[in-house]
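Heads up: the structure comes next, in structure tokens.
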There are 2 protein chains.
Amino acid sequence: MSLRYAVLGLLARRPSTGYELTQTFDRSLRSSWHARHSQIYPELAKLEAAALVEVVGLGARRSKTYAVTAAGRAELRRWLVEVEPDRSQRSESGLRLFLTPLLDPDDRQATYERDLAHVELELAALGEVQAGMQNAPEPEAFAPQVELGIRMNTVLRDWLREQIKASAT
Amino acid sequence: MSLRYAVLGLLARRPSTGYELTQTFDRSLRSSWHARHSQIYPELAKLEAAALVEVVGLGARRSKTYAVTAAGRAELRRWLVEVEPDRSQRSESGLRLFLTPLLDPDDRQATYERDLAHVELELAALGEVQAGMQNAPEPEAFAPQVELGIRMNTVLRDWLREQIKASAT
DNA sequence: AACGCCATGTAAACTGTTACATGATTTC
DNA sequence: GAAATCATGTAACAGTTTACATGGCGTT
């Protein structure tokens with residue numbers, strides 16, 4: 001059921017085509033939700049049928065720009081404030097981290113180093129998002145969310161460094 | 001494909017019945033992976049057919065205790081060390097946090113406070129896990145993983161407090 | 001006119017949840 | 001002996017991924 005609200009929420013940020021949503025899922029939302037175009041296009045059709053979004057423009061290559069309707073905005077708000085959140089998560093990386101103590105020291109250190117390299121790339125990418133946000137086209141209130149991402153990744157980076165140092169002994 | 005390795009990994013920690021695995025998924029693994037018994041029992045049957053686990057004991061109420069085989073351990077190691085991790089995540093809470101700036105200040109503050117209450121419960125639960133780990137029955141190398149969970153939740157708690165304070169102005 | 005990217009859509013296979021179903025053992 | 005919990009399984013449905021399919025537009 002979350003996909004519906006993910007799409008609704010992204011469209012509430014700015015009207016977009018299905019193609020643009022697909023890219024936003026890959027870029028901004030990859031750390032919490034993911035969806036392929038094969039899921040997005042049918043969902044847009046369903047949302048349109050429910051009058052929660054509408055086509056506000058046709059562009060090149062028969063692209064359709066969607067925007068949320070008033071009803072869509074109300075439904076998004078209702079979900080965000082009134083529906084009890086599902087707190088369960090699904091993270092293969094989390095599972096791997098949980099199981100890493102089962103490995104012998106060499107393998108363990110190798111996987112921690114692989115993870116560390118990835119976290120550092122992630123932090124660099126988030127730093128760029130943060131730097132590029134001053135000259136954003138629209139007033140962006142999402143700076144704190146980026147900041148949270150940076151803090152989370154920093155904690156993970158430091159923890160990985162500690163584990164690597166500890167297993168080097 | 002991760003479910004297979006989640007089950008294999010939990011059995012590598014200690015031999016268990018399907019019922020016990022279900023509980024472990026709910027308790028220790030709820031922050032990164034989740035599975036219901038309806039998924040676990042068929043997976044155990046498949047793992048047994050692939051000779052990665054075996055039944056090592058029959059208990060009361062026709063319960064079966066499974067343990068990983070040597071082949072299972074090798075396969076788990078191969079996955080952890082050699083298979084490129086899928087870094088994508090699935091977290092409804094993350095999605096909600098990402099969309100919260102769309103709400104007006106009152107609603108936003110209310111959702112942050114709901115989240116804060118939940119994070120504080122989570123931290124309390126993790127504190128208990130940490131405290132109860134000294135007198136664990138088996139040598140546990142999972143203390144750092146618990147520590148990481150605590151640090152992550154602490155960062156989130158502090159961030160939520162900041163947002164609440166900021167929106168109170 | 002060939003290549004690459006933009007853009008949308010559908011079908012089949014796989015994964016995960018909810019609901020149905022049954023029986024054993026312990027506790028009161 | 002009734003109720004609660006332990007314990008395992010299957011079936012129907014919902015959600016997700018992978019693969020298939022098609023065509024438009026811009027560049028070289």
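These numbers come from the heavy atoms of this one structure, side chains and all, not from hydrogens, waters or symmetry mates. Keep in mind that what you see is a predicted model, and the values were worked out from it rather than measured. Proteins come first, then strands; the chains are lettered A, B, ... in the order of their sequence lines, and each starts at number 1.
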Would you mind reading off the distance between Glu43(A) atom CD and dG9(C) atom P, rounded to a whole angstrom? 13 Å

So which pairs with a foot in residues 33-43 of chain A pass side chain to side chain donor-acceptor pair (under 3.5 Å), sequence neighbours left out? Asp26(A)-His34(A)

Listed by chain and number, what are the side chain to side chain contact (heavy atoms under 4.5 Å, CB included) partners of Thr65(B), not counting sequence neighbours? Pro15(B), Thr17(B), Val56(B)

Residues of residues 2-10 of chain B with a heavy atom under 4.0 Å from any atom of DNA chain D, listed by number, are none

Take atom CE of Met1(A) and atom P of dT17(C), then tell me their distance rounded to the nearest Å. 15 Å

Partners passing salt bridge (Lys or Arg N to Asp or Glu O under 4.0 Å) against Glu20(B) (at least two apart in sequence or in another chain): none

Protein-to-nucleotide contact annotation, 5' to 3' order, nucleotides 17-25 of chain D [B base; S sugar-phosphate only; - none; under 4.0 Å, heavy atom]: BBB--BBBB

Evaluate side chain to side chain donor-acceptor pair (under 3.5 Å) for Ser2(B) paired with Glu92(A), printing each intermediate quantity in order. CA-CA 7 Å; Ser2(B) 296; Glu92(A) 195 192 283; 3.1 Å; yes

Check the phosphate of dG9(C) against Tyr41(A), side-chain N and O only, distance under 4.0 Å to OP1 or OP2. Yes or no? no

Take the protein atom NZ of Lys46(B) and the nucleotide atom C1' of dT8(D), then report the distance between them rounded to whole Å. 16 Å

Using a strict cut-off of less than 4.0 Å between a Lys/Arg side-chain nitrogen and an Asp/Glu carboxylate oxygen, indicate whether Asp115(B) and Arg87(A) qualify as a salt bridge. yes

Which residues satisfy the ring pair (Phe, Tyr, Trp, His ring centres under 6.0 Å) test with Tyr66(B), sequence neighbours excluded? none

Using the C1' atoms of the five pairs at each end, what is the angle between the end axes of the helix from dA1(C)-dT28(D) to dC28(C)-dG1(D), to 10°? 20°

Restricting to ring pair (Phe, Tyr, Trp, His ring centres under 6.0 Å), what partner residues turn up for Phe25(B), sequence neighbours left out? none

Just the rounded figure in Å: distance from C1' of dT16(D) to CH2 of Trp33(A). 10 Å

Between atom CG in Asp86(B) and atom C1' in dT16(D), what is the gap in whole Å? 12 Å

Would you say dC6(C) has OP1 or OP2 under 4.0 Å from some side-chain N or O of Tyr19(A)? yes

For Phe25(B) and dG16(C), what is the distance between atoms CZ and C1' respectively, to the nearest whole Å? 12 Å

Could you pull out all residues at least two apart from Glu82(B) that satisfy side chain to side chain contact (heavy atoms under 4.5 Å, CB included)? Arg77(B), Arg78(B)

Partner residues of Ala110(A) under the side chain to side chain contact (heavy atoms under 4.5 Å, CB included) criterion, sequence neighbours left out: none

Rounded off to whole Å, could you give me the CD-to-C1' distance for the Gln23(A) and dT8(C) pair? 14 Å

Just jot down the ring pair (Phe, Tyr, Trp, His ring centres under 6.0 Å) partners of Tyr5(A), sequence neighbours excluded, or say none. Trp79(A)

Think Lys64(A) has a side-chain N or O under 4.0 angstrom from the OP1 or OP2 of dG9(C)? yes

For Gln89(A) and dG16(C), give me the distance from atom CD to atom C1', rounded to whole Å. 17 Å

Contact list for residues 147-156 of chain B, test side chain to side chain donor-acceptor pair (under 3.5 Å), sequence neighbours left out: Glu162(A)-Arg151(B), Gln130(B)-Glu147(B), Glu147(B)-Arg151(B)

